[in-house]
Number of protein chains: 2
Amino acid sequence: MYDVGKRAGVSSATVSFILNGRGSGGDRISEETRQRVYRAIAELGYVPNQSARALRRQKTDRVCLVIPQIGTPFSDGLANSVQSVAEAHGYSLILSMSGGRERERHVFEQLRRGLADGAVLFDPEHLTNEELAQLAHAGVALVVQCNRVQGTNFDVVKIDEIKALQDAVRYLYDHGRRRVAFLFNVTESGIQEERLQSYWQTWRELGVPILESFVLRNVGRLREQVYRSVSKLLQSSERPDTIMAGSDMFAISAVWAIRDAGLRVPEDIAVIGIGNIPEGEITHPPLTTVGVVTPTFGDLTGLLFSRLASPVPLDGRVMTRQWELILRGSA
Amino acid sequence: MYDVGKRAGVSSATVSFILNGRGSGGDRISEETRQRVYRAIAELGYVPNQSARALRRQKTDRVCLVIPQIGTPFSDGLANSVQSVAEAHGYSLILSMSGGRERERHVFEQLRRGLADGAVLFDPEHLTNEELAQLAHAGVALVVQCNRVQGTNFDVVKIDEIKALQDAVRYLYDHGRRRVAFLFNVTESGIQEERLQSYWQTWRELGVPILESFVLRNVGRLREQVYRSVSKLLQSSERPDTIMAGSDMFAISAVWAIRDAGLRVPEDIAVIGIGNIPEGEITHPPLTTVGVVTPTFGDLTGLLFSRLASPVPLDGRVMTRQWELILRGSA
DNA sequence: TCAATTTGGTTATTCGTTTTACCTAATTTA
DNA sequence: TAAATTAGGTAAAACGAATAACCAAATTGA
């Protein structure tokens, strides 16, 4: 910057004023000088240093989106959404993967060290309320999607699944379903178990017994594995008339298995998923599922940028999204 | 840092020496002082500022992975691979999406401004050789996966598709296939057209005519759209005995359509994909395709970190991966 | 016993910007 | 015509850490 100034015959301060447009004394530069400086910048191929700028202004002009793992249908949409809004506000987006305890801590540390001005944390598994508060206290605008946490200096978006899960069970009950199978994976976070419990208890309240042999707790991650689990289930002497899956992908695999076994969905076996992923709309039959109808992308970005824009520290806001039962063809 | 020093009764330089371990005079601190400083750090919740550190050291300890769009099967694996290696080398990974001209330029600008010490650019569409050279000249360790570019101060990984595509055609020809349909999408980059041309020309050299009605140039992005296009194709009076798809996903949708039409794969119609995505292994039948057997993840990360580690500027290296015909069940 | 060395630090400069406070010459006002 | 204003800058002090150069006291060596 000093070099640019020297070449244009001005001081480095003048260059800075020109580049940053209207500041405290920034609009008082003659057109002539301006042109000379621009020429010098072009000739030298000068580019301002972001670290220095961030250090001086105490602002990085970056926001960070933290997702456990890219490659899920949800992360894709969320990332695109946040990136668009970020760029519209003059921020650039940094994506970070936080899958696993190690990585989550690592990202947390990076944010503490000033990686970005704000962050959206999607489903942090290991961070405590205190740590999040600490981060927010350090000046990072924080929005967290998580049912576990709450804070006074950052925002939280929660998902209320319970009611929709109960609705699903009641719907199936009302349509005469009584022989219910479950497809799940036991995971570290235990979110799947919670859903199973919720389903299970609702059935019990309705007086419908659950056969232990109908509860598959480890169907695997690959489609093929799920397919095989379900195929085996269908060969048992007494087969279920309903399959409640822990995710839409499991549900889709289940539909394949059922159709390949010569049975009809939903006439012979009803299938219901969880999550409402886009793929569910184009399967045959389209998938009945439980999830958010409108994704929470907008909520998260809205909270983040209102927080970034606010001159005074905002206190913690909480938004709750209700999940809904989305009736399509498979149940 | 100064505050930490004051609390521990030492200067800020001492704190710095302790935090950075062995530097020019860093190992000469007594255990006693060390403990006092650590305590002060903990009590104050001090965390070093990354911008200041980067400014002084001219090094960010970050690498950036630039992908057009997350959510593709490839990007997922690549990101995980790079992140693991990066963290093992003491770097943190920043992910950036460069889809579209605007975003690609934006990421380029960020890198010029010193976002990271090194970057892997995956399939940049709009960047020129000069711009890449400029970026590398600015001190960014650069590895680019792209067939279009070459440089003397950055590394390039190229994919040689041609031979494998020809192998595929020849294989089909040898197995008596003569009525060939193509499934493609016209894209901005024109990569799909290139592949089509390559296929097409090989068939012509073998003296097999291509029916224009068998060339579908706009099958859409959604599975359902592809499915419908293929279903319609199958209803024509003279149906193809071979479908060459522009991607594995198209191929998978084609298989569904064929089976739902009561035909067999590969007996009635052979299907071949491009890309070798993981899903291809678990379909029924497993998908015959053209692609890399071992992913190029290792090449890219290897080149990047050897470049970052090298004390002298390396000249441009080029690696070429051959695509191969991967015979599975669908052709 | 006195110079040489080691121990355990400190001081001051630097990285590349931004920004406040100040300055001088030219122009306007009364 | 002198005072006040304005136009068009400049100088210098931050921001928070890293590091080269220096230094005083304690220890060692011959």
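Sequence lines set the chain letters: A, B, ... in the order given, protein chains first and strands last, and positions in each chain run from 1.
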Using a cut-off of 4.0 Å on non-hydrogen atoms, how would the nucleic acid contact of B:S51 be classed: base, sugar-phosphate, or nothing? nothing
Judged by modelled atom types alone, do A:S84 and B:R103 share a side-chain donor-acceptor pair under 3.5 Å? yes
Expressed as a whole number of angstroms, how long is the span from B:Q58:CD to C:dT17:C1'? 12 Å
Separation between OH of B:Y46 and CG of B:L19, rounded to the nearest 0.5 Å: 6.0 Å
Salt-bridge test for B:R113 and B:E109: reply yes if a basic N is under 4.0 Å from a carboxylate O, no otherwise. yes
Interatomic distance, A:R34 CZ vs D:dG8 P [rounded to whole Å]: 10 Å
Is the shortest distance from a Lys or Arg side-chain nitrogen in A:D299 or A:R321 to a carboxylate oxygen in the other one below 4.0 Å? yes
With hydrogens left out and only the distance checked, is there a donor-acceptor pair under 3.5 Å joining B:R53's side chain and the base of D:dA18? no
Please tell me which of the listed nucleotides, C:dT17, D:dA18, D:dT10, lies nearest to the side chain of B:N20? D:dA18
With a 4.0 Å cut-off on heavy atoms, is B:V4 in touch with a base, just the backbone sugar-phosphate, or nothing at all? nothing
Kindly point out which of D:dA17, C:dT17, D:dT10 is positioned nearest to the side chain of A:S11? D:dT10
Check the distance between C:dT14's C1' and B:L55's CG and give it to me in whole angstrom. 9 Å
Round to the nearest Å and state the distance from A:E31 atom CD to D:dG9 atom P. 11 Å
For B:K6 and C:dG9, what is the distance between atoms NZ and P respectively, to the nearest whole Å? 19 Å
What's the CG-P distance between B:L44 and D:dA17, to the nearest Å? 12 Å
From C:dT18, D:dA7, D:dG9, nucleotide with atom closest to A:M1 side chain: C:dT18
Separation of atom CZ in A:F17 from atom C1' in D:dT10, rounded to whole Å: 9 Å
Rounded to 10 degrees, the angle between the two terminal axes of the helix from C:dT1-D:dA30 to C:dA30-D:dT1, each from five pairs: 50°
Picking from C:dC15, D:dA14, C:dT10, the nucleotide nearest the side-chain atoms of B:R56 would be C:dC15
Could you say whether B:V10 or A:A13 is positioned toward the 5' end of DNA chain C, judged by the nucleotide with the nearest heavy atom to each? B:V10
Using only side-chain N and O atoms of B:T14, determine if any of them is under 4.0 Å from OP1 or OP2 of C:dG8. no
Under 3.5 Å, is there a donor-acceptor pair linking the side chains of B:R307 and B:N153? no
Quick one: is A:Y46 getting a side-chain N or O under 4.0 Å of the C:dT17 phosphate, OP1 or OP2? yes
Quickly, which of B:R112, B:R105, B:H126 forms a side chain to side chain donor-acceptor pair (under 3.5 Å) with B:E131? Name it, please. B:R105
Has B:S12 got a side-chain N or O lying under 4.0 Å from the OP1 or OP2 atom of D:dG16? no
Grab the OH-P distance between A:Y2 and C:dC15 for me, whole Å please. 12 Å
Using a 4.0 Å heavy-atom cut-off across all strands, classify A:S30 as base, sugar-phosphate, or nothing. sugar-phosphate
Among the candidates D:dG9, C:dT17, C:dT19, find the nucleotide nearest to the side-chain atoms of A:I29. D:dG9
For the student: nearest non-hydrogen atoms of B:D315 and B:D155, plus distance: O-OD1, 3.8 Å
Tell me whether A:K59 contacts the main-chain N or O of A:A116 through its side chain, where contact means a donor paired with an acceptor under 3.5 Å. no
